[in-house]
Number of protein chains: 2
Amino acid sequence: MDERRSARRVGGRRAGRDGQPVPPATVARLPGYLRALQATAAEGAVLTSSDELAARAGVSPAQLRKDLSFLGSYGRRGVGYDVAHLREQITVVLGLADVRRVLLVGVGNLGHALANYAGIAERGFVLVGLVDADPAVVGTTVAGLVVEHADDLRAVVARTGATIAVLTTPASVAQRTCDELVAAGVVGILTFAPGALRVPDHVDVRTVDVASELQILAFHDRARSAGGGVS
Amino acid sequence: MDERRSARRVGGRRAGRDGQPVPPATVARLPGYLRALQATAAEGAVLTSSDELAARAGVSPAQLRKDLSFLGSYGRRGVGYDVAHLREQITVVLGLADVRRVLLVGVGNLGHALANYAGIAERGFVLVGLVDADPAVVGTTVAGLVVEHADDLRAVVARTGATIAVLTTPASVAQRTCDELVAAGVVGILTFAPGALRVPDHVDVRTVDVASELQILAFHDRARSAGGGVS
DNA sequence: TAGATTGTTAATCGATTAACAATC
DNA sequence: TAGATTGTTAATCGATTAACAATC
């Protein structure tokens, strides 16, 4: 086993260059750094600093340097970071060196919007399939793909080689669909259905719940107005 | 000033019943508990336990009890929690006792889908306005509301009394639109545009970045396949 | 009373921050 | 060399977990 090629795991967490695991909180910020670097590169800058990059990403310079230190030492003291090189390193760490294949399940209003969302393709992914249970939707073309039937989900995953799925079905069928995706071999699921999904340990779930986000905002809204007394 | 009615603040964080602040991590889980309680109530249960509720919400019973303890003591030892009462308490804490008015800015594919998303109304919010910069969209009716022009944003906020905004504009105009929302008096913003938004301290921002979520999933996907050697 | 289940405590764990030595 | 900026350390802070006394 070639240690330079293989990924070493430390306590179930992917190891960085030096064998240290990358903390989840750091992983969650890496996409923001990558995006900030792309903006910097677009302006033609060759070098950048933790100050500049942190400002763009909306974190503190200390936080940024700490995060990058988990990946390795990609900056030069007194100089800064090479934009192209750091961009490349983060791309590799995030697993975006190879394009990831994404399957979208549930082509309703939201699924339709996401299928046409350019940001997905721009940031390392290919949409390889669309699946829905509604006969009226199956067979139609959305974002250049023909929508296939939910009954064929397993075959679609096998044929397309999708490893990541976006789940935009009604909440009532989310868990069942999730189970089918897992059975088909998908290892990452981004769900927009409210409610917790149960998955085996080797599967990763991220949940976007719009109403929950609004409720969190409402908490602060209330905290703000309650003291002041708007009357 | 009546202490029983007014909200006390501790270090800028809203205080719970006993004056202790509610930790952000706890606040972020409250919507999940509320939803679990609604499901429990829908099944006709009058009492529930930390075990059952935690399982539904996808957290540990210890976590749930700890979280609820920040709000006060709403359970009975040896008995459990009264579903209706706990539901009411969390609703109040989250600031959902009064319906919150939401403005949606950017009626493209995604904005259109969100405007029609029933979950928003079901969970304590009213959509009170739609705004877009595209003359082809302004004047059309979406989700029962006539889309107004972005130039009138300030007037729309004033007229509708919206305190929370959903931002689904292109990334290029997100910061400018955000500034206008803040100037108009909005105190909570849920943005779907990638990239950090700068806002004053009294404004709360939550960001949903679909591509970032996928990239986080890609990290784990890579971690998984790199060790195993698929070929 | 006996059994069940909360609310709270203390211990552990992970994340953030600040400061500065290393080094370009 | 002098100035700049990283990478790392140590301190602080916040979140999670496990255990159990309180109490229904």
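As the structure is a prediction and not an experimental result, all values here were calculated from the model. Hydrogens, waters and symmetry mates play no part in the numbers below; they use all other heavy atoms, side chains included. In what follows, chains carry the letters A, B, and so on, assigned in the order in which the sequence lines appear, proteins first and then strands, with residues in each chain numbered from 1.
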Is a donor on one side and an acceptor on the other found under 3.5 Å between the side chain of [X] and the backbone of [Y]?
| X | Y | answer |
| --- | --- | --- |
| B/T91 | B/R87 | yes |
| A/R154 | A/A183 | yes |
| B/R123 | B/A118 | no |
| B/T168 | B/G106 | yes |

Listed pairs, N/O of protein and of nucleotides 16-20 of chain D, under 3.5 Å:
from	atom 1	to	atom 2	distance (Å)
D/dT16	OP1	B/R29	NH1	3.0
D/dT16	OP2	B/R29	NH1	3.2
D/dT16	OP2	B/R29	NH2	2.7
D/dT16	OP2	B/Q63	OE1	3.2

Looking at [X] and [Y], what are the two nearest heavy atoms and their distance?
| X | Y | value |
| --- | --- | --- |
| B/L103 | B/A162 | CB-CB, 3.8 Å |
| A/V22 | A/F70 | CG2-O, 4.3 Å |
| B/A45 | B/V83 | O-CG2, 3.7 Å |
| A/A218 | B/L96 | CB-CD2, 3.8 Å |
| A/D209 | A/S212 | OD2-OG, 2.9 Å |

Handout entry: Selection residues 169-184 of chain B - residue pairs positive for side-chain hydrogen bond (donor to acceptor under 3.5 Å, both in side chains), sequence neighbours left out
Key = B/Q175-B/D179
Handout entry: Heavy-atom check, side chain of A/R29 versus side chain of A/V59, under 4.5 Å
Key =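 With C-beta onward as the side chain, the pair touches.
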Exercise for the section: Could you identify which residues of residues 75-87 of chain A place a heavy atom less than 4.0 Å from some atom of DNA chain D, listed by residue number, or say none? Expected result: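 The stretch gives A/G75, A/R76, A/R77, A/G78, A/V79, A/G80, A/Y81 as the residues lying under 4.0 Å from the strand, ordered by number.
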Exercise for the section: List in numerical order all residues of residues 48-56 of chain A for which some heavy atom is under 4.0 Å away from an atom belonging to DNA chain D. Expected result: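 Per residue number, the list reads A/S49, A/S50.
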Exercise for the section: Check step by step if side chain to side chain donor-acceptor pair (under 3.5 Å) holds for A/R100 and B/Q215. Expected result: CA-CA 9 Å; A/R100 302 275 146 182; B/Q215 290 180 335; over 6 Å; no
Problem - Nearest-nucleotide pick for B/P24, side chain only, options being D/dA15, D/dG7, C/dT8 - result: D/dA15
Exercise for the section: Treating a pair as Watson-Crick (purine N1 to pyrimidine N3 plus N6-O4 or O6-N4) or G-U wobble (N1-O2 and O6-N3) with both distances under 3.5 Å, list the stems of 3 or more consecutive pairs that involve DNA chain D. Expected result: C:3-24 with D:3-24
Identify every side-chain donor-acceptor pair in residues 33-41 of chain B under 3.5 Å, counting partners at least two apart or on other chains, and give the distances.
from	atom 1	to	atom 2	distance (Å)
B/Y33	OH	B/D67	OD2	2.5
B/T40	OG1	B/A36	O	2.8
B/T40	OG1	B/R56	NE	3.2

Exercise for the section: Would you kindly give the CD-to-C1' distance between A/Q89 and D/dG7, to the nearest whole Å? Expected result: 16 Å
